[in-house]
Amino acid sequence: MPLRILKGCKIVRHFRQLASGSFGGAGERELVIAACLYLKCPRGVGNRGGPRSFGMSNKPKNAISPTREEDYPEWYQQVIKAADLAEVSPVRGCMVIKPWGYSIWENMQQVLDRMFKATGHENAYFPLFIPLSFLQKEADHVEGFAKECAVVTHHRLEPGPDGKLVPAGELDEPLIVRPTSETIIGSMFARWVESYRDLPILINQWANVVRWELRTRLFLRTAEFLWQEGHTAHATEVEAREETRRMLEVYADFAENWLAVPVIQGEKTAAERFPGAVVTYAIEAMMQDRKALQAGTSHFLGQNFSQAQNIKFQDAQGGESFAWTTSWGVSTRLVGALVMAHSDDDGLIVPPRLAPRQMVILPIYRGPDDRASVLPYCESLKKDLEQIDFAGGKIRVQIDDRDIRGGEKNWQHIKRGVPLRLEVGPKDLAKDSIFVGRRDTGEKSSVPRAELLATAVQRLDEIQRHLFDRALQLRESHSRRVDSLDELQAWFAPRNEDKPEIHGGFAYCHFIDDPLVNDWLRERKLTVRCIPLSGEEEPGACLLTGRPSSKRCIVAKAY
RNA sequence: CGGGGUGUAGCUCAGCCUGGCUAGAGCGCUUGGUUUGGGACCAAGAAGUCGCAGGUUCAAAUCCUGUCACCCCGACCA
């Protein structure tokens, strides 16, 4: 036994070889142990076990390690793990979204779906597989997506010579797994449209798509992801442009009022434009590490796709015209945005309006007697809370009566980001009060039951607003106008190159939309995120080329 | 796809360089006990064909070859 403990020591290994090789007796083994103990081999005893064996007595201050300051990307992964949102799957680049994470997505879907329908759209469903030839019809589109397409070439498996299944039955024409559905939907639009009276067509699809990404991160970039893609066709350019902007507006509304993430609506530069689009708009949000995250896009496709796919109609004058199309989408990436915008060093914080459960009731009792009185009280409290309207539904409440320690249970809900925790024990029962813990601020207080019921909505709204305000303040305090390249570089240069700290933010600069600019920025790991739609016209000169620019764009590091 | 790294228990890893004893630790899990308004303690226990396939050897987690997967850094991206 002592030998095993000391196995890590080089000296032990050396002696062990002697003991087992030339000599190989029990007596020699004891000698080895004695020798090692005498030498106080540094790795012998102290360095065993995982990292947690250090400082066993003092409990960690925060639930998540490392903290945001220490290592933001790692913190992000740990939050997702601690909150039980998702995990990596056995399939390369694909994640499993777990119930808590999926429930957030379902809530997003529900709200967005309502918004789409309110703006006249209908849901439909198109095939997962797209004939290769379809993709090929629009040149820019091909170029943009070809590299990341999954391709299906066979339709059957057969036992091979070694008994293992091998693909058989090669397809005449390979199918690609949709990276996006412009082509397949466009081909259907072409059949559906004959007259201007058939327009507009306003379709949305909830689906999964596949983009064979090389580097993946949970929710932010995975090979397969869930999203919604809107596709519309219009008789006039004006109408299509309006649609593009309208849906961008819907996204911004959703992001700010439901995700509680402030966003900037802007137009993308040529380099960031959707392959095949005439104009791409996006909503851009700042995460807590001050990097930008594109949270939704809306594209004006002009007649590029309708010409490629022959979406033609007869107009009122009897002439033949190509339709004007748009597409727009948001994805499960929004869950990533939610995590990175709001969470803290104790785990996830979910905005109340999207929370799978807004409140959790934690019964506290010692013995069966307490339980007999506490549980019914909790049940009735739950029932009363569930009568209350909030965010287009009723307040969602759970009683967590699992048989695990109270402290541990409490922390689980903190890590999952439940907005309000309601602790009910014998003492609270006696006072007819509930001990309320608020996730975003950490505040705790005892609140009379009647008051809690009366202020429940207000409390949730308050958290929702606070999260938005906090995110907005972060963005404002890390945004600035920048008027020289030196200043720009200085702002985005980490002080510690080896372990870059959180730095930079949004720089509002004059740049022209030109490959020269992109290259210069790229070398510094920067990109033009967008040209804000709300930005004022302001004559200036491109910081790099000196050519005239009429509007500032946002330069930032991005996901 | 280029450069680097790692695959050993559910998780984090030690052991490998220099082959040989029943393959270990911490956390988690199960059971029992003590606890209980804050991430408990003590004891016992379950759990691993050492990524996979070959090869070398009396003997392979350890050496060799191949392969797969994952991680980090680049190029690409919602």
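Letters A, B, ... are given to chains in the order of the sequence lines, protein chains preceding strands, and every chain is numbered from 1. Computation of the quantities below employed the complete heavy-atom set of this structure, encompassing side-chain atoms and omitting hydrogens, waters and symmetry-equivalent molecules.
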Among the candidates [options], find the nucleotide nearest to the side-chain atoms of [X].
| X | options | answer |
| --- | --- | --- |
| A:Gln294 | B:rU36, B:rA78, B:rG39 | B:rA78 |
| A:Lys427 | B:rG39, B:rA78, B:rG37 | B:rG37 |
| A:Ser331 | B:rG37, B:rC11, B:rA78 | B:rA78 |

On RNA chain B, compare the nucleotides closest to A:Val424 and A:Gln77; which residue's is nearer the 5' end?
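Result: A:Val424.
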Residue met sooner reading RNA chain B from 5', once A:Lys444 and A:Phe145 are mapped to nucleotides
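Result: A:Lys444.
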Considering Watson-Crick and G-U wobble pairs with both distances under 3.5 Å, what does [N] pair with?
| N | value |
| --- | --- |
| B:rU31 | B:rA43 |
| B:rG2 | B:rC73 |
| B:rG38 | none |
| B:rG24 | B:rC13 |

Taking the six-membered ring for Trp, are the ring centroids of [X] and [Y] within less than 6.0 Å of each other?
| X | Y | answer |
| --- | --- | --- |
| A:His141 | A:Phe305 | yes |
| A:Phe145 | A:Phe274 | yes |
| A:Trp105 | A:Phe225 | no |

Geometric class of the A:Trp206/A:Phe116 ring pair [parallel <30°, tilted 30-60°, perpendicular >60°]:
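Tilted.
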What distance, rounded to whole Å, do you find between the two C1' atoms, one in B:rC63 and one in B:rG15?
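Comparing C1' positions in B:rC63 and B:rG15 gives a spacing of 16 Å.
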With a cut-off of less than 4.0 Å, is there a side-chain N or O of [X] near OP1 or OP2 of [N]?
| X | N | result |
| --- | --- | --- |
| A:Lys525 | B:rG74 | yes |
| A:Arg522 | B:rC76 | yes |
| A:Arg405 | B:rA40 | yes |

So, does the side chain of A:Asp428 form a donor-acceptor pair with the base of B:rG37 at under 3.5 Å?
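By the distance-only test, yes, there is a pair.
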Ignoring hydrogens and angles, does a donor from either the side chain of A:Glu423 or the base of B:rG38 sit under 3.5 Å from an acceptor on the other?
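Such a pair is found, so the answer is yes.
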With the criterion set at under 5.5 Å between ring centres and under 30 degrees between planes, would B:rA78 be stacked on A:Phe225?
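Stacked: ring centres under 5.5 Å, planes under 30°.
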For A:Thr222, which contact category applies under a 4.0 Å heavy-atom criterion: base, sugar-phosphate, or nothing?
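Base, at least one base atom sits under 4.0 Å.
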Contact class for A:Phe435 (heavy atom, under 4.0 Å): base, sugar-phosphate, or nothing?
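The answer is base, as A:Phe435 lies within the cut-off (heavy atoms under 4.0 Å) of a base atom.
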When you compare the side chains of A:Lys268 and A:Gln294, does any donor N or O come within less than 3.5 Å of an acceptor on the partner?
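Distance-only check passes for A:Lys268 and A:Gln294.
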